[in-house]
Amino acid sequence: MSLISNILSSRSKKDGNFFSAIQDIIGFKPKTIKPYERAFIHRSLNKKDEHGNALNYERLEFLGDAMLSSIIAAYLFDEVPEGNEGYLTKMRSKVVSRKHLNELGKDLNLLKFVKTNLPKEHFGENIHGNLFEALVGAIYLDRGYKYCEKFIYSRVIKPYVDIEQLEGKIISYKSLLIEWCQKEKKDFNYEIYEDTGKAENKHFAVKLWIDGKVVAKARATSKKKAEEKASKRSYYALQTHINTSH
């Protein structure tokens, strides 16, 4: 009997610690802890509910992404009455960029709550942002839109959203460079090839050609990263020309 009591006591303490930690992060008391527990279950556990549906954070991530996007959109709509659709869309993209969401997830140290069969080192940067979105989804299920809005205002908008700074923030050097090339009627091409260097992981190298000249080279673990890195180098190399044409 004492063994069962000890087990129940240790579980209760563990659940209580998680409840307190979540309350500290979101800034108010959860009604039920279940959505928050689900927000940190990784698919590697292969958990299923009583109906055989997958039980992990991915559906909550989808929901949180939509909630975050709508709340930021409503904020920008009110805050910048002179902004047209294109401007508001671009500004929202800057707030909810993958890089920014990853930073938010890291700041809250959400990775420590993840339940998984895999070593934490296995995960890439994006898991931090995924967990942040899942947490937003859990808040919506638990307390509804108003509390979801309250959390996003306190954790995202107030500390990080500055309209003037956002206007100057670049979220994709590749998009900026392509836009400039199209505007200036310049031919451009990303020449990508697999790098056979000595690194353990497979790398990709890219040469960025503009009007028949190589203006930048880069190397990274994915084609997308290599292209972005080359674009960033090109942007700074051609900065005077790009800025004067905008």
Side-chain angles (χ1 to χ4, degrees), residues 58 61-62 65 68-69 72-73 76 83-107 110-111 118-133 156 160-246:
E58 291 176 8
E61 183 189 338
F62 164 79
D65 174 52
L68 186 61
S69 187
I72 296 298
L76 291 170
N84 61 27
E85 182 190 1
Y87 171 88
L88 294 173
T89 300
K90 192 176 285 188
M91 293 289 275
R92 181 182 59 186
S93 296
K94 291 181 179 186
V95 178
V96 299
S97 70
R98 181 50 47 188
K99 184 180 178 183
H100 189 206
L101 294 182
N102 289 342
E103 288 170 357
L104 290 167
K106 273 185 181 176
D107 287 347
L110 299 181
L111 190 59
L118 303 171
K120 297 286 172 73
E121 312 85 66
H122 171 85
F123 301 115
E125 283 291 298
N126 287 348
I127 191 169
H128 301 287
N130 296 344
L131 293 173
F132 185 82
E133 289 174 329
V156 182
Y160 296 110
V161 178
D162 181 301
I163 301 299
E164 287 185 9
Q165 284 186 1
L166 279 175
E167 284 179 343
K169 186 176 182 181
I170 298 169
I171 55 170
S172 171
Y173 286 94
K174 183 181 176 182
S175 297
L176 188 66
L177 197 74
I178 289 173
E179 184 184 332
W180 176 73
C181 286
Q182 290 172 340
K183 185 179 178 181
E184 298 297 313
K185 295 182 170 53
K186 291 183 177 292
D187 292 324
F188 66 92
N189 178 49
Y190 289 87
E191 182 189 343
I192 304 164
Y193 52 95
E194 194 173 313
D195 196 322
T196 54
K198 294 181 180 179
E200 282 186 30
N201 299 326
K202 183 165 72 174
H203 279 69
F204 295 90
V206 62
K207 289 179 183 176
L208 175 53
W209 295 77
I210 297 179
D211 280 349
K213 293 180 181 178
V214 176
V215 293
K217 298 177 183 178
R219 182 173 176 270
T221 52
S222 73
K223 292 178 183 179
K224 189 175 178 180
K225 286 179 180 177
E227 286 177 342
E228 184 64 16
K229 197 185 267 189
S231 300
K232 186 175 181 178
R233 288 175 179 172
S234 298
Y235 171 81
Y236 286 109
L238 302 167
Q239 195 170 25
T240 306
H241 303 292
I242 293 173
N243 288 342
T244 53
S245 68
H246 271 62

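Atoms considered below: every heavy atom in the structure, side chains included; atoms not considered: hydrogens, waters and symmetry mates.
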Look up atom CG in Leu68 and atom CZ in Arg92, then write down how far apart they are to the nearest 0.5 Å. 10.0 Å
Value rounded to 0.5 Å, distance of CG in Leu88 from CD1 in Ile72: 12.5 Å
What heavy-atom pair brings Leu101 and Val96 nearest, and what distance separates the two atoms? CD1-O, 3.7 Å
Gly129 versus Asn102, closest heavy-atom pair with distance: N-OD1, 3.0 Å
Can you tell me how far the CD atom of Gln182 sits from the CD atom of Glu184, to the nearest 0.5 Å? 11.5 Å
Just to verify, what does Tyr193 make a ring-ring contact (aromatic ring centres under 6.0 Å, His included) with, not counting sequence neighbours? none
Of the non-hydrogen atoms in Ala216 and Ala230, which two are nearest, and what is the gap between them? CB-O, 3.4 Å
Shortest non-hydrogen pair, Phe204 vs Ala226, comes out as O-CB, 3.7 Å
Which heavy atom of Lys225 sits nearest to which heavy atom of Ala220, and what is that distance? CB-CB, 3.7 Å
Main-chain N/O of Asp65 paired with Ser69 side-chain donor or acceptor, under 3.5 Å: no
Begin from the C-alpha positions of Glu191 and Lys217 and carry the test salt bridge (Lys or Arg N to Asp or Glu O under 4.0 Å) through to its verdict. CA-CA 9 Å; Glu191 182 189 343; Lys217 298 177 183 178; over 6 Å; no
Distance col, row Lys229:NZ vs Leu208:CG, nearest 0.5 angstrom, shows 14.5 Å
Parallel, tilted or perpendicular for Tyr173 and Tyr236, by the 30°/60° rule? tilted
Under 3.5 Å, is there a donor-acceptor pair between the side chain of Asp187 and the main chain of Asp211? no
Mind checking the CG-CZ spacing from Asp107 to Phe132? Nearest 0.5 Å is all I need. 9.5 Å
Closest heavy-atom contact between Ile210 and Cys181? CD1-SG, 4.1 Å
Is there a side-chain contact between Lys186 and Trp180, using heavy atoms and a 4.5 Å cut-off? yes
Min side-chain heavy-atom separation Val206-Lys223 under 4.5 Å: no
Side-chain contact test, heavy atoms from C-beta onward, threshold under 4.5 Å: evaluate it for Lys99 versus Glu125 and give yes or no. no
Does any non-hydrogen side-chain atom of Glu103 lie less than 4.5 Å from one of Tyr160? no
What distance do Leu177 atom CG and Glu227 atom CD have between them, rounded to the nearest 0.5 Å? 11.0 Å
Is the shortest side-chain heavy-atom distance between Phe123 and Leu131 below 4.5 Å? no
